[in-house]
Amino acid sequence: MSIYDSLNDRQKEAVFQTEGPVLILAGAGSGKTRVIIHRIAYLMEQCNVNPYNIMAITFTNKAAGEMRERVNQMVGFGAESIWVSTFHSSCVRILRRYIDRLGFSDHFTIYDSDDSKAVMKEVCKKLKIDTKQVKEKTILNAISAAKNELIGPTEFAMKAISDFSQKRISDAYIEYQDMLKKSNALDFDDLIVKTVELFRSCPDVLEGYQKRFRYIMVDEYQDTNTAQFELIRLLSGGSRNLCVVGDDDQSIYKFRGANIRNILDFEKVFSDAKVIKLEQNYRSTQNILDAANAVIAHNSARKSKALWTDAGEGNPIHFKTFETAKEEAQFIVEDINRRCRNDRQDYGDFAILYRTNAQARLLEESFVLDGTPYEVVGGTNFYARREIKDMLAYLKTIDNGMDDLACRRIINVPRRGIGATTIERVQEYAIAHGMSFYDALLGASGIPGLGRSAAKLDSFVTLIQGFRGKMEYYSLKELMQDIIDMTGYVDELRASEDEEDEDRIENIEELISKITTYEESAEEPTLNGFLEEVALVADIDSLKEDDNHVVLMTLHSAKGLEFKNVYLAGMEDGVFPSYMSITSNDPTDVEEERRLAYVGITRAKEDLTLCYAKMRMIRGETQMNPVSRYVREIPEKLIDGRVPPAGRRVYDDDDDYSDSYSARSSAYGSGSYGSSAYGGGSSAYGGGYEPAGGRNLRQVSYKSLGTSPMQNAPYGGSYSTGSSGSSTSGTGRSAYGFRGLPITRPQRTPDEKKPFIAQNAKPLSSIQGLSKGMPKLQMLDSLSYEVGDRVTHAKFGEGLVKEIVKDPRDYKVTVEFDTAGVRVMYASFARLEKVEES
DNA sequence: CGTACTAGTCTTTTT
DNA sequence: GACTAGTACG
C-alpha cells in the first residue's frame, strides 16, 4: 500500500513521468494539486531527488502556501528546502541577490500600480504629453503589454518609428524606465522582465540557478505570459525537466498578458513533451459538469476534453429571475439562511461569485441588514488605502533613500507647512544635480530660493535620520510605533470629526499587527523584506477558509477554489459577458469570458444557482439587460427555472416596461443570438447590436444625472424637499427612491470589532457613504409634460414622451429620443423639460 | 499655504 | 454612484 494507490491511472502517469517536458492538462476539479504534491513526494522518496533541486511556481501566495503545507504533511522531513513560491516573489528573491549586475541597488522598491501611475504622470508632464488626450493608464497599459512580451524600450522605439502615437508611448516608455531606475524602483512587470534580462546577460547566474532547479513545476500554466514563459524556459534549459500543469479552458488573464498559446503550443516548443489529460472530476455533480461542458463547448480554440464524474446527477441547476439587482441580493441572503436552517448547511459552505467588484456592494448591504456573516474578498486593496500608503511611504523613505515618490508623498504629511512650490524647487535642484530627492533635502540649506522653508525641510530630514538611527536597535513594530508617535499622524486622525478617520486609525492598527505577524513568522525579518511582502500580496491571499461565513468575490478570484454551494450573480449580457467584450470587435473577448463562466460553474460541488436581474444600476445608470448568453448555453433539461429566450425578455403582464422593451427588442431580435453566431465569426455580433447606434445595450435605461441632484439646482418647484438629515436611521421606508436604502451604520461596541467584515473588505462607512450625496426626499407634485409631448434632456437631446407610469414614489417616463434611442427614466432624476411648440 | 468645492472620469477582471 | 484631480478662494 503506497500513497500513490489513491491516484487514478492518469494521475499516476503524471506523477511518475518525472523526466523531460510534461504538459498536464488538468480539467477543473481533476485533482491537479494532488498530482503536484504527489509528484514532489515521488521525486524525493522514489527518485532520491534532493528537495533543494525542486521548484514549484504558482501565481498567488495562497496557492504557494497551501502547496508548501501539503507537501510538508506528506513528506515531512526536507520539504522546507523546496523552493515553492510565486513568479513574482521568486524573481524578487533572485533580483535581491544579483540586481547589482543590472545597475540597481539591492534595496530596490517595488512600485504598485498607483505608484506607476504617479511616475507616469510626471513623465507626461516632462514630455509635455497632454493627459487629457492620452491617459496615463493607457500609456501604462501599452508599456505593460510590451513588457509582458519582453519588448524593451529600444525595440519598442524601433517599431514605433513611423507611428506618431506609438512614438509618443515609446518616448514615455524610455522616460518611465529612466525614472524608475533613478528611484531604484521596479514595477510589477519589471520583476519578471529584469530577471529574464539578468539571465540573458549573465550566463553564470543563469547556470547557477539551472543547476539548482533540476525539477521545475508550474501551476496554472495557462495564465503565464510570454515573459514568464521565457523565464521558465531559461531556468529549465539545463535539465529540461519542466512540468507544467494547466487548463486552457480556465485561461482568464489575457488582460494581464497571459498568452494562451503557451499552453496550446507547448508541444510545438517542446517536441518531445509528454501530454497527459486529467478528465475525471472529483469535485462536482454530473449536472454541474454537464452545464460547464455545454458552455465551454461554444469556444473554438481549445484542446478538446470533457469532464466526467461518477458522483451522480445531483441537484438541477437553479435559475432565478429578479426585477432588480436588489431583489437578487435579498434573495441570495434569504436563500442561504433558509438552507442553513433547513438544509443543515453552514455559512462557510456558500460562495457568491460575480463579474465585477462593484456588484459586491449591493450584496454586502443585504448581508449587513440581515446580519448574516460574510466576507468580501478583494475590492480595494488594504495596502492601497491612503493612510496605509502614507505609513508605507515612511518606511520606504527610511529603507530606500532613492525612492523619490515615497519621500515626496510624506514630506508634508501630516502638514508641516511645506508646500508645492518648495517641493518643486527641491525637485528641480535634485534633477539638476543628478541626485535623489531625499539627498537634495539633506543639503537643503544650499538650495537657493527656499527662504524660511529650508528650516522645515531640515527638521523633516532630522526626523527621518532619527528613524534610520533607531532602526539599529528597534524592532519593526517599534519603528512603526515611533513613526506614528513622532509624526503625530494618528493624533491628527483622532482629533478629526470625520467618521471615516476612525476607520483609518483601525487600519493603521491593523498594519501594526501585520508587521508584528511578519516579524514573528519571517526567518529573518527586515524592513525591506516586509515592504516586499506587502507589495506582492494578492486579495485572495488573506482568505481564511475555516471561518464560518459566506464568501463574496469576483469570478477571477475564485479560480482554484471550490465551494459546496455557489451563486453566480448578475448573469446578464452586458454584465457577464461584459459590455466591453460584447461590443469589442475581437470575438475572442467573449470566449475569454466564457472561460470565466466555466470557471464559475465548476467552482460548485453540489449546488449551483444562477441569478438574473432585469434591472441593475451600473455606474449610476440603471440598465436593463437580457439574460446572459452563458445561461442560455446550458441545456434546459439541467435547469429548474424558466430561462427567457434569446433576444426577448419575459415580463409579467402588468409590467410597466413591456412596451418600452418591445420598442427596442428588434435590436436584439435580428438573429445575432442564433446558433450560427458563434461559428460564424466576428461579424455575427456586430449585426445584432449595430442598427440602433452603438449604445444599444443601454438603450433602455434610467439615468440619474449628477452626483447630487439637490445641488444641481432647479427642479422647477415640482419637488418638495424633505428635511431629514443624512444621519437618519434608515430602517426601511425608502426616502431615496429606487436607488436602495441607505444603511445605518451599526453601533459598534468596543469589544465587538467588525464581526463580519474582513480586514481587506471595504469598511461599512463606505457603504453608508452611499447616502452622502443623495437627495433627501423627493416627491413629485406634477409633471410639466405628458404623453405625446416633445421633451428635452440634458444629455440625450430631444425626444418624444411615449409613456408615463406612476409608481409609489415617482413617475417612470419612457422617452424615444431622436438620437439616443428609447429610454425609461425616473422623472425626478431625469431633468426633462417640455419643448414648447411654436 | 491650506481648504472646500466642483467637474470630470470611470470599471471589467489582478500579480 | 464614487472617486480623483484640479481649481478657486480664504
Side-chain angles (χ1 to χ4, degrees), chain A residues 57-64 85-92 110 112-114 117-118 121 131-132 135-137 144 148 187-192 220 223-225 227-228 252-258 353-359 361-362 377-381 384 386 412 414-423 452-453 456 535-541 553-559 570 574-582 584 589 592-593 595-596 599-600 617-622 703-709 711-712 736 739-740 762 766-767 769-775 829:
Chain A
I57 307 180
T58 62
F59 271 86
T60 64
N61 296 302
K62 182 167 183 284
S85 90
T86 66
F87 268 103
H88 292 267
S89 26
S90 296
C91 288
V92 172
I110 302 163
D112 66 18
S113 35
D114 277 352
K117 203 177 161 200
K121 209 174 160 187
T131 51
K132 274 171 196 129
K135 274 162 281 167
E136 294 100 326
K137 228 174 142 191
S144 175
N148 288 332
D187 68 16
F188 278 130
D189 301 319
D190 281 342
L191 296 177
I192 315 286
E220 305 284 9
D223 291 333
T224 51
N225 60 38
Q228 287 158 337
I252 53 172
Y253 282 106
K254 191 173 88 176
F255 70 93
R256 201 166 70 186
L353 310 180
Y354 37 78
R355 181 66 236 275
T356 64
N357 279 306
Q359 287 167 255
R361 180 167 232 104
L362 218 50
V377 174
T380 358
N381 188 333
R386 198 216 306 167
N412 197 33
R415 316 238 167 265
R416 301 185 173 90
I418 302 171
T421 346
T422 309
I423 295 173
R452 273 171 295 147
S453 305
K456 293 174 186 162
L536 298 178
V537 289
D539 290 332
I540 196 71
D541 292 341
M553 69 182 111
T554 63
L555 287 150
H556 281 87
S557 297
K559 188 158 67 83
V575 175
F576 184 36
S578 69
Y579 177 63
M580 308 265 279
S581 62
I582 291 174
S584 153
D589 284 354
E592 166 109 350
E593 294 209 42
R595 289 192 287 271
L596 198 52
V599 167
M617 180 179 277
I618 293 167
R619 267 176 288 152
E621 180 180 46
T622 302
K703 178 77 188 170
S704 65
L705 286 178
T707 47
S708 171
Q711 282 155 2
N712 279 358
Y736 300 131
R739 297 198 204 187
K762 289 190 173 184
S766 65
I767 297 180
L770 279 175
S771 64
K772 274 184 181 163
M774 276 187 187
F829 290 107

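Hydrogens, waters and symmetry mates play no part in the numbers below; they use all other heavy atoms, side chains included.
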Between A:S90 and A:S85, does any side-chain donor sit less than 3.5 Å from a side-chain acceptor?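 Yes, a side-chain donor-acceptor pair sits under 3.5 Å.
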Looking only at side chains, do A:T86 and A:S89 share a donor and an acceptor under 3.5 Å apart?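 Present: a donor and an acceptor within the cut-off.
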Among [options], which is the nearest nucleotide to the side chain of [X]?
X	options	result
A:T554	B:dC1, B:dT15, B:dT13	B:dT13
A:F188	B:dT13, B:dT15, B:dT11	B:dT15
A:F255	B:dT13, C:dA2, B:dT11	B:dT13
A:T422	B:dC10, B:dC1, B:dT13	B:dC1

Find the distance [X]:[atom1] to [N]:[atom2] and express it as a whole number of Å.
X	N	atom1	atom2	result
A:I110	B:dT15	CD1	C1'	11 Å
A:H556	B:dT13	NE2	C1'	4 Å
A:E220	B:dT14	CD	C1'	14 Å
A:I252	B:dT14	CD1	P	9 Å
A:E136	B:dT9	CD	P	12 Å
A:K137	B:dT11	NZ	C1'	7 Å
A:R619	B:dG8	CZ	P	17 Å
A:R256	B:dT13	CZ	P	13 Å

State which residues pass salt bridge (Lys or Arg N to Asp or Glu O under 4.0 Å) with [X]; sequence neighbours excluded, sorted by chain then number.
X	answer
A:D223	A:K559
A:E592	A:R595
A:K456	none

Holding to side-chain hydrogen bond (donor to acceptor under 3.5 Å, both in side chains), I want the full list of residues that pass it with A:Q359, two or more places apart in sequence or in another chain.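 Counting only residues at least two positions away or on another chain, A:Q359 forms a side-chain hydrogen bond (donor to acceptor under 3.5 Å, both in side chains) with A:T356.
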Identify, with sequence neighbours excluded, every residue that meets side-chain hydrogen bond (donor to acceptor under 3.5 Å, both in side chains) alongside A:D187.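 Only A:K147, A:Y176 meet the side-chain hydrogen bond (donor to acceptor under 3.5 Å, both in side chains) criterion with A:D187.
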Listing time: all N or O pairs from protein to nucleotides 2-4 of chain B that are below 3.5 Å?
unit_1: B:dG2; atom_1: OP1; unit_2: A:G417; atom_2: N; d: 3.2
unit_1: B:dG2; atom_1: OP2; unit_2: A:N412; atom_2: ND2; d: 3.4
unit_1: B:dT3; atom_1: OP2; unit_2: A:R415; atom_2: NE; d: 2.6
unit_1: B:dT3; atom_1: OP2; unit_2: A:R415; atom_2: NH2; d: 3.3

May I ask you to verify if any side-chain N or O of A:S557 is less than 4.0 angstrom from the OP1 or OP2 atom of B:dT14?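 For B:dT14, OP1/OP2 do have a side-chain N/O of A:S557 under 4.0 Å.
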At less than 4.0 Å, is any side-chain N or O atom of A:N61 found next to OP1 or OP2 of B:dT15? Yes or no.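 Answer no for this pair, as no side-chain N or O of A:N61 is under 4.0 Å from OP1 or OP2.
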For [X], answer base if it contacts any base atom (sugar-phosphate contacts may also be present), sugar-phosphate if it contacts only those atoms, and nothing otherwise; contact means non-hydrogen atoms under 4.0 Å.
X	answer
A:F576	nothing
A:K117	nothing
A:K135	sugar-phosphate
A:N357	sugar-phosphate
A:T421	sugar-phosphate

Given that A:V537 and A:K456 both sit by DNA chain B, which one's nearest nucleotide is further toward the 5' end?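 The residue mapped nearer the 5' terminus is A:K456.
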Hey, what are the protein-to-nucleotides 6-10 of chain C N/O distances that come in under 3.5 Å?
unit_1: C:dG6; atom_1: OP2; unit_2: A:K121; atom_2: NZ; d: 3.1

Residues forming a ring pair (Phe, Tyr, Trp, His ring centres under 6.0 Å) with A:Y253, sequence neighbours excluded: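 Expected list: A:F255, A:H556.
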Taking side-chain contact (heavy atoms from CB on, under 4.5 Å) as the definition, give me every residue that meets it alongside A:D112, ordered by chain and number, with sequence neighbours left out.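 Applying side-chain contact (heavy atoms from CB on, under 4.5 Å) to A:D112 gives A:D114, A:D115, A:F188, A:K389.
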Work out which heavy atom in A:S584 is nearest to a heavy atom in A:D589; give both atom names and the distance.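 Smallest heavy-atom distance, with atoms named: OG-OD2, 2.7 Å.
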